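Some notes on the structure that comes next.
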Amino acid sequence: MRANFWKNKKVLITGINGFVGSNLAKELIKLGAKVHGISLYKNKNSLLYIEKIEKKCRLYNGDISNYKFLNKIIKKDKFEILFHLAAQVEVGVANKNPFRTWETNIRGTYNLLNSILNKKNIKAIIVASSDKSYGSYPKKLLPYKENYHSKAIFPYDVSKACADMISQTYASELYNLPIVTTRFSNIYGPGQTHFSALIPDLARSLIKNKDFIPRGNGTDIRDYVYIKDIVDLYLLLAKRLFKNPNLKGEIFNAGTNQPLKVKDIVRKFYFHKNQKKKYSKVIKVMKKKKTKGEIPYQFMDYSKLKKYFGWKPKYNFKDTIDEVYEWYLKSLQNK
Ligand SMILES: NC(=O)c1ccc[n+]([C@@H]2O[C@H](COP(=O)([O-])OP(=O)(O)OC[C@H]3O[C@@H](n4cnc5c(N)ncnc54)[C@H](O)[C@@H]3O)[C@@H](O)[C@H]2O)c1
């Protein structure tokens with residue numbers, strides 16, 4: 001049934017050669033959709049190129065902070081469904097250079113949504129916000145719920161909170177765009193190539209037999225959701241919104257609601273690969289570190305998604321760790 005819905009649907013993905021975008025494009029193509037995508041530049045390390053998905057898509061390279069560039073693409077093709085995933089996502093980069101991050105994540109979002117005004121052909125727009133848009137809440141108030149207000153302070157978090165609010169404005173009765181906003185926890189899995197992120201960094205250091213350099217003291221709490229769950233969820237949300245315009249303006253959290261300390265994730269990885277000695281070494285380094293510029297506790301209440309659509313994550317860390325490790329092993333082979 002899912003295949004019939006997507007067959008020949010004209011879909012635009014901003015951020016198509018990113019981690020989430022390339023996995024989503026792969027699935028949409030399997031389902032028969034006509035996939036178009038925007039990226040900042042051609043990235044040969046992306047899953048999109050590694051798995052030759054790009055050959056089956058129509059790609060545009062350019063900057064979403066450039067209104068003319070976006071407007072031309074939106075005008076040219078009669079898209080029916082749009083996933084807005086493009087963003088500068090690296091927290092460290094954002095801390096060092098907030099301006100560039102805000103240009104992409106905030107200006108890029110209103111450029112896109114503004115260029116869609118009065119485009120009746122677009123029936124569903126999914127905007128990727130993030131758990132980071134909530135900012136920091138005391139642990140006793142977690143998991144985050146959709147009605148929590150933003151307390152974002154750090155640059156990346158603020159950029160996502162602004163983009164999230166802008167999406168609410170465009171979904172409001174003033175502009176009536178068919179937008180659903182997603183606030184997902186940390187996503188992991190094949191195709192994630194930012195080695196500043198915990199899991200790619202861990203996998204690479206194990207594969208290359210290099211020391212893993214922790215960013216903080218390992219006590220930060222995170223919620224890791226698998227990419228396959230997220231791709232399924234994006235497809236579900238877009239389809240439901242397409243069929244039911246009343247979902248316009250809704251916000252959905254997703255994650256696993258299973259908080260994990262960063263040091264426990266490190267332990268799971270190292271123990272799984274029988275590297276207990278190395279783990280002890282990393283823990284010693286971690287103890288001396290201080291985390292700066294990052295939210296200490298994050299995990300998600302996804303009961304709204306469960307109530308609306310019966311969604312819950314299918315995958316867990318233990319069952320996916322091998323698949324993830326194998327993917328990095330293969331993709332780092334000659335690097
Ligand atoms: N990966 C996660 O853990 C996670 C968690 C929650 C939310 N998100 C959100 O999901 C979305 C996708 O994340 P990802 O992990 O795939 O990121 P990614 O960095 O892998 O991909 C980002 C994509 O955006 C494009 N892009 C960046 N700047 C651009 C610009 N100025 N103009 C045009 N394109 C530009 C890149 O070319 C790339 O295709 C982001 O909006 C992110 O905030 C990600």
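Small disclaimer: the values here were computed from a predicted structure and weren't measured. In each ligand, atom 1 is the first atom listed, and ligand 1 is the first ligand listed. Note that the numbering runs from 1 along the sequence shown for the chain.
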Cationic tip of [X] within the cone over [Y]'s six-membered ring, i.e. under 6.0 Å and within 45° of the normal?
{"X": "K151", "Y": "Y137", "result": "yes"}
{"X": "K9", "Y": "F5", "result": "yes"}
{"X": "K276", "Y": "F271", "result": "yes"}

I want to confirm something. Looking only at heavy atoms, which of [options] is nearest to [atom]?
{"atom": "atom 32 (N) of ligand 1", "options": "N43, I64, L24", "result": "I64"}
{"atom": "atom 41 (O) of ligand 1", "options": "K160, K132, R183, H194", "result": "K160"}
{"atom": "atom 30 (C) of ligand 1", "options": "I16, L40, L112", "result": "L40"}
{"atom": "atom 23 (C) of ligand 1", "options": "S159, A163, G15, A254", "result": "G15"}
{"atom": "atom 33 (C) of ligand 1", "options": "A86, G255, S65, G62", "result": "G62"}
{"atom": "atom 5 (C) of ligand 1", "options": "S130, S133, S185", "result": "S185"}
{"atom": "atom 7 (C) of ligand 1", "options": "G191, S129, A128", "result": "S129"}

Check: Any side-chain heavy atom of L28 within less than 4.5 Å of one from L235?
Finding: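 Heavy-atom side-chain distance check passes, below 4.5 Å.
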Between [X] and [Y], ring centroids under 6.0 Å:
{"X": "Y188", "Y": "F317", "result": "yes"}
{"X": "F252", "Y": "Y308", "result": "yes"}
{"X": "F184", "Y": "Y234", "result": "yes"}

Please list the nearest protein heavy atom to [atom] with its residue and the distance rounded to 0.1 Å.
{"atom": "atom 20 (O) of ligand 1", "answer": "F19 N, 2.8 Å"}
{"atom": "atom 31 (N) of ligand 1", "answer": "D63 OD1, 2.8 Å"}
{"atom": "atom 43 (O) of ligand 1", "answer": "Y156 OH, 2.6 Å"}
{"atom": "atom 22 (C) of ligand 1", "answer": "A87 O, 3.5 Å"}

Taking distance alone, with no angle check, do [X] and ligand 1 share an N/O pair under 3.5 Å?
{"X": "L85", "answer": "yes"}
{"X": "Q192", "answer": "no"}
{"X": "F184", "answer": "no"}
{"X": "V89", "answer": "no"}
{"X": "H84", "answer": "no"}
{"X": "T104", "answer": "yes"}

Next item on the list: Decide whether the shortest distance between a heavy atom of R100 and an atom of ligand 1 is less than 4.0 Å.
Entry: yes
Checklist line | Residues R215, D220: salt bridge by 4.0 Å N-O rule | finding: no
Margin query: Please identify which of these residues, Y144, Y134, Y302, meets the side chain to side chain donor-acceptor pair (under 3.5 Å) condition with N253.
Written below: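 The residue from Y144, Y134, Y302 that satisfies side chain to side chain donor-acceptor pair (under 3.5 Å) with N253 turns out to be Y134.
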Next item on the list: Return yes if some donor-acceptor pair links the side-chain N/O of N111 with the main-chain N/O of I64 below 3.5 Å, else return no.
Entry: yes
Item checked: Test side chain to side chain donor-acceptor pair (under 3.5 Å) applied to S167 - qualifying residues, sequence neighbours left out -> none
